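Worksheet: one structure, shown below.
Just so you know, these numbers come straight off a predicted model, no measurement behind them.
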Amino acid sequence: MAVLRQEVDPGEAGLDPGALERLDRELARRVDGGEMPGFLVAVARAGRVAHLTAYGARDLAAGLPVESDTLWRIYSMTKPVTTVGALMLVEDGLLSLDDEVGRHLPAFAEPRVHVDGSGDRMRTRPAAGPLLVRHLMTHTAGLTFAFYHAHPVDALYRAAGLDSSVAPGTDLAGTTDVYATLPLQFDPGTRWNYSVATNVLGRVVEVVSGRPLDVYLAERVFRPLGMEDAGFEVTDAQAGRLAELYGETDDGGIEPIDGLPLRGRPRFLSGSGGMVASAHDMHRFMEMLRRRGELDGTRLLRPETVALMTRNHLPGGADLRTVGVPPHDDPGNEGVGFGLGVSVVVDPSRTREPSGLGAYGWSGVATTTFWVDPGRDLTVQFYTQVRPRSSHTVYRDLKRLVHQALAD
């Protein structure tokens with residue numbers, strides 16, 4: 001079993017030890033105050049881990065601590081992994097970013113777009129152009145989530161039983177077929193809406209590769225990179241290391257809640273949010289990206305493909321606030337664009353938190369996040385297991401204090 005370890009002193013990596021101590025104190029304060037059960041944070045420069053702290057509990061009731069080998073539900077941090085798997089098929093010549101999704105998933109061959117109205121009185125029209133693979137990767141597909149309550153199409157997702165993004169009793173193929181029966185919010189490629197698009201991309205990967213998503217990613221990504229614990233289920237041997245999942249209570253505390261069913265292979269393989277992984281696993285994944293597609297002699301992607309993945313693809317080079325539909329058109333999205341499966345900082349002067357130009361990454365709903373900052377040769381990952389009722393404020397403190405620690 002591979003475990004993430006600190007490899008170099010912070011000072012040797014150009015990090016201020018005092019600032020990192022402030023980071024740990026702030027995160028520990030949140031644990032001691034009952035906001036989080038525990039956490040793991042790791043900061044690396046030039047590929048070497050220079051700061052690694054595990055604190056608090058992975059299971060409060062059992063009194064089990066967070067440790068370096070703790071397993072985390074990474075939820076939407078699955079999306080960049082699925083996207084890398086799809087980009088490998090592009091490099092194989094089996095898939096193109098400009099392929100029509102309907103070529104691989106016929107149910108999407110004739111998408112329709114919402115015009116006005118809701119429910120039975122909704123009017124739709126044919127989409128102005130086809131839904132492309134690149135639209136799935138960039139979340140410009142016009143798809144949505146049931147839980148937004150911001151658009152009439154969101155309500156159709158709820159009516160179709162997609163509250164958890166999976167059609168009851170179906171697998172990935174069946175669920176994506178249900179998505180295809182529902183209208184898009186907007187013409188593909190024109191706006192940005194974070195959505196079930198990466199589940200559809202995962203199904204495209206299955207069809208093109210001829211393998212189930214979990215098998216394909218294990219063969220092409222996890223094993224080559226040495227991501228030994230990464231997957232869509234936990235074995236009996238792994239189960240004791242899996243962190244308990246918590247949700248926020250009315251009084252600002254936390255309580256255990258049900259998470260993804262991970263014991264036994266799931267019927268629904270979610271390319272959007274189905275993975276479990278360790279900090280070591282995600283360090284390997286981030287290092288592959290930081291090194292432009294290669295790690296320890298194993299190349300997954302060409303450098304130019306990683307450059308394409310981590311470049312802003314939003315219409316007109318806009319940021320998420322400018323082209324995002326509600327609820328994404330808020331000030332927190334200023335200065336941040338979107339690439340293929342990852343957010344990308346396009347204007348650090350306008351971002352809410354300190355950011356490096358070109359920094360990219362993504363987060364998960366259980367308050368997990370990672371980012372790679374090429375300009376600073378920096379990678380950061382953070383984990384706890386709390387599903388907040390709204391966006392968790394820990395991310396702001398995390399970015400602020402990490403950037404304060406940059407001494408060079």
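Without hydrogens or angle criteria, H403 side chain to P354 main chain gives a donor-acceptor distance under 3.5 Å. Side chain of T82 to backbone of G271: a donor-acceptor contact under 3.5 angstrom is found. Formation of a donor-acceptor pair under 3.5 Å by the S355 side chain with backbone atoms of E353 is found in this model.
Between Y148 and H328, the distance separating the two ring centers is shorter than 6.0 angstrom.
Going from atom NZ of K79 over to atom CG of L136 covers 12.5 Å, rounded to the nearest 0.5 Å. How far CZ of R58 is from CH2 of W72: 9.0 Å, rounded to the nearest 0.5 Å. Here D154 contributes atom CG and H149 contributes atom NE2; the two are 8.0 Å apart, rounded to the nearest 0.5 Å. Taking CE of M77 as the reference point, atom CZ of R73 lies at 14.5 Å (rounded to 0.5 Å). Put simply, CG on L269 and CG on D214 are 4.5 Å apart, with the number rounded to the nearest 0.5 Å. Atom CG of L87 sits about 6.5 Å away from atom OG1 of T305, to the nearest 0.5 Å.
In this model, no donor atom of one side chain and acceptor atom of the other lie less than 3.5 Å apart for T249 and E255. In this structure, a donor-acceptor pair under 3.5 Å is absent between the side chains of Y246 and E244. In summary, the side chains of S270 and S272 do not present any donor paired with an acceptor at a separation below 3.5 Å, with no hydrogens or angles considered. In this model, no donor atom of one side chain and acceptor atom of the other lie less than 3.5 Å apart for D24 and Y55. T367 and T384 are not linked by any side-chain donor-acceptor pair at a separation below 3.5 angstrom, with hydrogens and angles left out of the test. Using modelled atom types and a 3.5 Å distance limit, the side chains of R203 and T176 yield no donor-acceptor pair.
Between L105 and V204, some side-chain heavy-atom pair lies under the 4.5 Å cut-off. Side chains of V365 and S76 form no contact here, defined as non-hydrogen atoms less than 4.5 Å apart. With a 4.5 Å cut-off on side-chain heavy atoms, Y179 and S165 count as touching.
The minimum heavy-atom distance between R158 and A146, with the atom names listed, is NH1-O, 2.6 Å. Considering all non-hydrogen atoms of both residues, L71 and S278 come closest at CD2-CB, 3.8 Å. The shortest non-hydrogen separation linking L401 to R22 is CD1-O, 4.1 Å. The two residues N193 and L143 come nearest to each other via the heavy atoms ND2-O, 3.0 Å. For the pair E233 and Q238, the tightest heavy-atom approach, listed with the atom from each and the gap, is O-OE1, 3.8 Å. Among all heavy-atom pairs drawn from L15 and R45, the shortest one is CD2-NH1, 3.9 Å.
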Worked check of salt bridge (charged side-chain N to carboxylate O under 4.0 Å, His left out) between R389 and D250: CA-CA 9 Å; R389 298 192 171 194; D250 292 337; 2.6 Å; yes
F39 vs V31, test: side chain to side chain contact (heavy atoms under 4.5 Å, CB included). Steps then yes/no. CA-CA 8 Å; F39 71 86; V31 173; 3.7 Å; yes
Which is it for R284 and D281 under the salt bridge (charged side-chain N to carboxylate O under 4.0 Å, His left out) test, yes or no, and what are the steps along the way? CA-CA 5 Å; R284 301 286 294 177; D281 294 331; over 6 Å; no
Apply side chain to side chain contact (heavy atoms under 4.5 Å, CB included) to residues Y360 and S343 and explain how you reach the verdict. CA-CA 5 Å; Y360 58 88; S343 62; 5.8 Å; no
Apply salt bridge (charged side-chain N to carboxylate O under 4.0 Å, His left out) to the pair R48 and D377, showing each step before the final yes or no. CA-CA 10 Å; R48 297 185 298 173; D377 215 4; over 6 Å; no
Decide side chain to side chain contact (heavy atoms under 4.5 Å, CB included) for V133 and L95; before the verdict, give the C-alpha distance in whole Å, the side-chain angles of both, and the deciding distance to 0.1 Å. CA-CA 9 Å; V133 169; L95 184 67; 4.0 Å; yes
Before you tell me yes or no, could you show the steps for D116 and R123 under salt bridge (charged side-chain N to carboxylate O under 4.0 Å, His left out), namely the whole-Å CA-CA distance, both residues' side-chain angles and the distance that decides it to 0.1 Å? CA-CA 5 Å; D116 57 35; R123 291 196 307 130; 2.6 Å; yes
F285 vs L225, test: side chain to side chain contact (heavy atoms under 4.5 Å, CB included). Steps then yes/no. CA-CA 7 Å; F285 182 75; L225 291 183; 4.3 Å; yes
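Between R291 and D296 there is no salt bridge, since no side-chain N of the basic residue sits under 4.0 Å from a carboxylate O of the acidic one. Remark: R321 does not engage D330 in a salt bridge, criterion side-chain N to carboxylate O under 4.0 Å. A salt bridge does not link E206 with R211: none of the charged nitrogens is closer than 4.0 Å to a carboxylate oxygen. Using a cut-off of 4.0 Å between Lys/Arg side-chain N and Asp/Glu carboxylate O, D99 and R134 are scored as not salt-bridged.
Counting heavy atoms of neighbouring residues, nucleotides and ligands inside a 6.0 Å radius, atom CZ of R376 exceeds 12 of them. When the shell of 6.0 Å around CD of E110 is examined, it contains 12 or fewer heavy atoms from other residues, nucleotides or ligands. For D98, the CG atom counts as densely surrounded, since its 6.0 Å shell holds more than 12 non-hydrogen atoms of other residues, nucleotides or ligands.
Among L97, T310, V84, the one residue that satisfies the side-chain contact (heavy atoms from CB on, under 4.5 Å) test with L340 is L97. Checking each of R352, R30, R25 against D397 for a salt bridge (charged side-chain N to carboxylate O under 4.0 Å, His left out) leaves exactly one that passes, namely R30.
Judged as a ring-ring contact (aromatic ring centres under 6.0 Å, His included), and not counting sequence neighbours, the contacts of H139 are Y194, F338.
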